[in-house]
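Because the structure is a prediction, the values reported are computed rather than measured.
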Amino acid sequence: MSSFFKQLYRYTHKRPFRHNENLWPYMRISRAASGEIISLNFRGQVIPIVSLASLAGACSGPVMLAATGPSVKDIQFKSPTPVPAMGLNGAWSLHNTVDFKFYVIVDMGFLDKRPEMVAEIVSDPTLTLFTTAHGIARIVDRVSLARIKCSLALIEDAAFKIFQPKIPATELGRCYANVRCASFAENRPDIGFTTDIRHGVFDAGTVAYWALQIAAYLGFNEMYIIGLDMNNFNQPRFYESESNKLPSFLAESLDELIVPAFTHASHVLKKKNIRVVNLSMKSAISNHIFEKADYHQVFL
């Protein structure tokens with residue numbers, strides 16, 4: 001992005017708007033009455049995006065959420081996999097054996113460091129990719145609009161909506177108090193969970209938390225998660241090697257944010273009769289939060 005426009009933006013907008021500086025003045029959006037972005041123009045190009053409203057409750061039954069912990073290497077997948085899947089970041093390495101219908105990328109570092117994999121993901125016309133406006137901007141800039149064949153579903157961090165001021169973490173609970181689909185952990189106004197992603201998705205330091213909210217909105221009532229290890233952070237992810245692994249910052253927020261957030265998500269999903277099964281048997285996310293099971297026993 002132009003450093004001139006970035007500096008101009010900083011001089012003309014207050015600090016709570018700083019998260020928009022790389023998008024202005026290249027991006028134009030419009031919103032539905034319910035709050036979600038329904039049209040997007042970037043660098044003079046109309047970017048086709050899926051209506052989030054059309055996706056509400058569009059699915060049912062089970063889905064597999066494919067995270068990227070090292071334990072995935074221990075799974076012997078059957079081809080094709082017995083349930084549709086939602087891939088997260090580098091899980092695309094499994095695309096020859098896993099039936100990905102949905103994908104979630106909200107980590108800008110992944111988009112920057114794995115451009116070849118991103119190009120493969122967006123070239124799949126059967127896939128719906130959930131990403132942010134910043135993610136779409138990066139993909140268009142580095143892959144090109146012409147090469148995007150997947151459907152793009154634009155989602156937003158509830159605290160960092162495009163062209164709106166940042167909401168401090170401690171103020172999230174108050175700001176979303178009147179949004180019926182949003183709930184917050186007890187005494188933690190910074191930990192929210194939504195079943196209507198049109199109002200924004202709550203972050204908890206890991207893309208898996210976004211995926212739970214998206215899958216619930218889509219209508220799935222059984223979620224099987226692979227690769228949700230949340231330990232051994234010094235090891236490469238299942239698709240990486242020691243020589244090309246990207247850093248992980250999950251350990252820094254595991255106890256203070258990630259575990260309490262998954263605990264809250266568990267309460268919300270149980271109330272909605274949505275079953276979540278963690279297929280990483282040695283996961284740091286205890287079976288008091290999500291029940292654990294062995295992949296090979298669940299999918300015989």
So N273 and N221, do their side chains get closer than 4.5 Å, heavy atoms only? no

Please report whether the ring centroid of H19 lies less than 6.0 Å from that of F160. yes

Can you tell if the side chain of H95 reaches within under 4.5 Å of the side chain of E120, non-hydrogen atoms only? yes

Are R43 and V140 side-chain neighbours, meaning at least one heavy-atom pair lies under 4.5 Å? no

Run the side-chain donor-acceptor check on residues 177-186: report pairs under 3.5 Å with partners two or more places apart or on a different chain.
from : atom 1 : to   : atom 2 : distance (Å)
S183 : OG     : H264 : NE2    : 3.2

Under a single-linkage definition using a 4.5 Å side-chain heavy-atom cutoff for Ile, Leu, Val, Met, Phe, Trp and Tyr, are I38 and M27 assigned to the same hydrophobic cluster? no

Any residue meeting side chain to side chain contact (heavy atoms under 4.5 Å, CB included) with S241, in chain and number order, not counting sequence neighbours: S243, N244

Could you tell me which residues satisfy side chain to side chain contact (heavy atoms under 4.5 Å, CB included) with K113, sequence neighbours excluded, listed by chain and number? L246

With rounding to the nearest 0.5 angstrom, report the OG to CE distance, S280 to M230. 9.5 Å

Within a strict 4.5 Å, meaning less than it, do heavy atoms of the I139 and L129 side chains meet? yes

In chain order, what residues pass the salt bridge (Lys or Arg N to Asp or Glu O under 4.0 Å) check against R147, with sequence neighbours excluded? none

Using the rule given for side chain to side chain contact (heavy atoms under 4.5 Å, CB included), can you reason through Q45 versus Y26, listing the C-alpha separation, both sets of side-chain angles and the distance that settles it, and then say yes or no? CA-CA 10 Å; Q45 302 177 91; Y26 307 104; over 6 Å; no

With a 4.5 Å cut-off on side-chain heavy atoms, are I285 and I289 touching? yes

Transitive ILVMFWY side-chain link L154 to I121, under 4.5 Å: yes

Does N234 offer a backbone N or O that forms a donor-acceptor pair with the side chain of K245 under 3.5 Å? yes

Partners meeting ring pair (Phe, Tyr, Trp, His ring centres under 6.0 Å) with F262 (sequence neighbours left out): Y209, F290

Are I47 and I105 in one and the same hydrophobic cluster, where Ile, Leu, Val, Met, Phe, Trp and Tyr link if side-chain heavy atoms are under 4.5 Å apart? yes

Per-pair distances, 0.1 Å, donor-acceptor, side chain in residues 189-197, under 3.5 Å, sequence neighbours excluded:
from : atom 1 : to   : atom 2 : distance (Å)
D190 : OD1    : R188 : NE     : 2.9
D190 : OD2    : R188 : NH2    : 2.8
T194 : OG1    : D196 : N      : 3.0
T194 : OG1    : D196 : O      : 3.1
D196 : OD1    : R198 : N      : 3.1
D196 : OD1    : R198 : NE     : 3.0
D196 : OD2    : R198 : NE     : 3.4
D196 : OD2    : R198 : NH2    : 2.9

Whether over 12 other heavy atoms sit under 6.0 Å from K282 NZ: no

Nearest non-hydrogen partners of C59 and F102, listed with the distance: SG-CZ, 3.7 Å

Find out whether L212 and I225 are in side-chain contact, i.e. whether some heavy atom of one side chain is under 4.5 Å from a heavy atom of the other. yes

Pairs of donor and acceptor atoms involving the side chains of residues 50-58, under 3.5 Å and at least two apart or interchain, shall be tabulated with distances.
from : atom 1 : to  : atom 2 : distance (Å)
S51  : OG     : A53 : N      : 3.3
S51  : OG     : S54 : N      : 3.4
S54  : OG     : S51 : O      : 2.6

Start with the C-alpha distance between V207 and D107, add both sets of side-chain angles, then the distance that settles side chain to side chain contact (heavy atoms under 4.5 Å, CB included), and finish with yes or no. CA-CA 7 Å; V207 64; D107 181 350; over 6 Å; no

If you look only at pairs with a residue in residues 161-177, which of them pass as a side chain to side chain donor-acceptor pair (under 3.5 Å), with sequence neighbours excluded? E171-R174

Under the 3.5 angstrom rule, does the side chain of E156 hit a backbone N or O of I162 as a donor-acceptor pair? yes

Of the non-hydrogen atoms in E242 and P236, which two are nearest, and what is the gap between them? OE2-CD, 3.6 Å

Taking only residues two or more places apart in sequence, or in another chain, which ones meet E291 in a salt bridge (Lys or Arg N to Asp or Glu O under 4.0 Å)? R275

Which word best sums up how the rings of Y295 and F299 line up, parallel for under 30°, tilted for 30 to 60°, or perpendicular for over 60°? tilted

Interatomic distance, CD1@I37 vs CZ@R28, rounded to 0.5 Å, equals 13.0 Å

Would you give the length of the straight line joining atom CD of E240 to atom CZ of F238, rounded to the nearest 0.5 angstrom? 9.5 Å

ring-ring contact (aromatic ring centres under 6.0 Å, His included) contacts touching residues 108-152 (sequence neighbours left out): none

Can you name the closest pair of heavy atoms from I274 and A216 and give their distance? CD1-CB, 4.1 Å

Using modelled atom types only, decide if a donor and an acceptor are shared between the side chain of Y103 and the backbone of N89 within a distance under 3.5 Å. yes

Just checking, is any N or O donor in the side chain of D124 or T126 under 3.5 Å from an acceptor N or O on the other one? yes

Heavy atoms only: give me the nearest A158-I167 pair and the separation to one decimal. O-CD1, 3.8 Å

How far apart are the C-alpha atoms of K292 and S286, what are their side-chain angles, what is the distance that settles it, and do they pass the side chain to side chain contact (heavy atoms under 4.5 Å, CB included) test? CA-CA 8 Å; K292 291 183 180 180; S286 76; 5.5 Å; no

Got a second to check how far R237's CZ is from S93's OG, nearest 0.5 Å? 11.5 Å

Say you draw a straight line from CE of M223 to CG of N278; how long is it, rounded to the nearest 0.5 Å? 13.5 Å

Any side-chain heavy atom of L127 within less than 4.5 Å of one from K101? no

Minimum-distance pair of heavy atoms, taken over all atoms of A133 and L23: CB-CD1, 4.1 Å

Run the side chain to side chain contact (heavy atoms under 4.5 Å, CB included) test on F233 and L254 for me, step by step, so that the C-alpha distance in whole Å, both residues' side-chain angles and the decisive distance to 0.1 Å come before the verdict. CA-CA 11 Å; F233 297 116; L254 179 65; 4.2 Å; yes

Linking I/L/V/M/F/W/Y whenever any side-chain heavy atoms sit under 4.5 Å apart, do V143 and I49 land together? yes

If you group Ile, Leu, Val, Met, Phe, Trp and Tyr by side-chain heavy-atom gaps below 4.5 Å, do Y224 and V98 land in one group? yes

For A293, give me all partners under side chain to side chain contact (heavy atoms under 4.5 Å, CB included), at least two apart in sequence or on another chain. V277, L279, V298

Output a table of donor-acceptor pairs, distance under 3.5 Å, between side-chain atoms of residues 63-78 and any protein atom two or more places apart or on a different chain; print 'none' if there are none.
from : atom 1 : to   : atom 2 : distance (Å)
S71  : OG     : D229 : OD1    : 2.5
S71  : OG     : D229 : OD2    : 3.3
K78  : NZ     : L300 : O      : 2.3

Is the shortest side-chain heavy-atom distance between D141 and R138 below 4.5 Å? no

For residues G205 and L257, report the shortest heavy-atom separation together with the two atoms involved. N-CD2, 4.0 Å

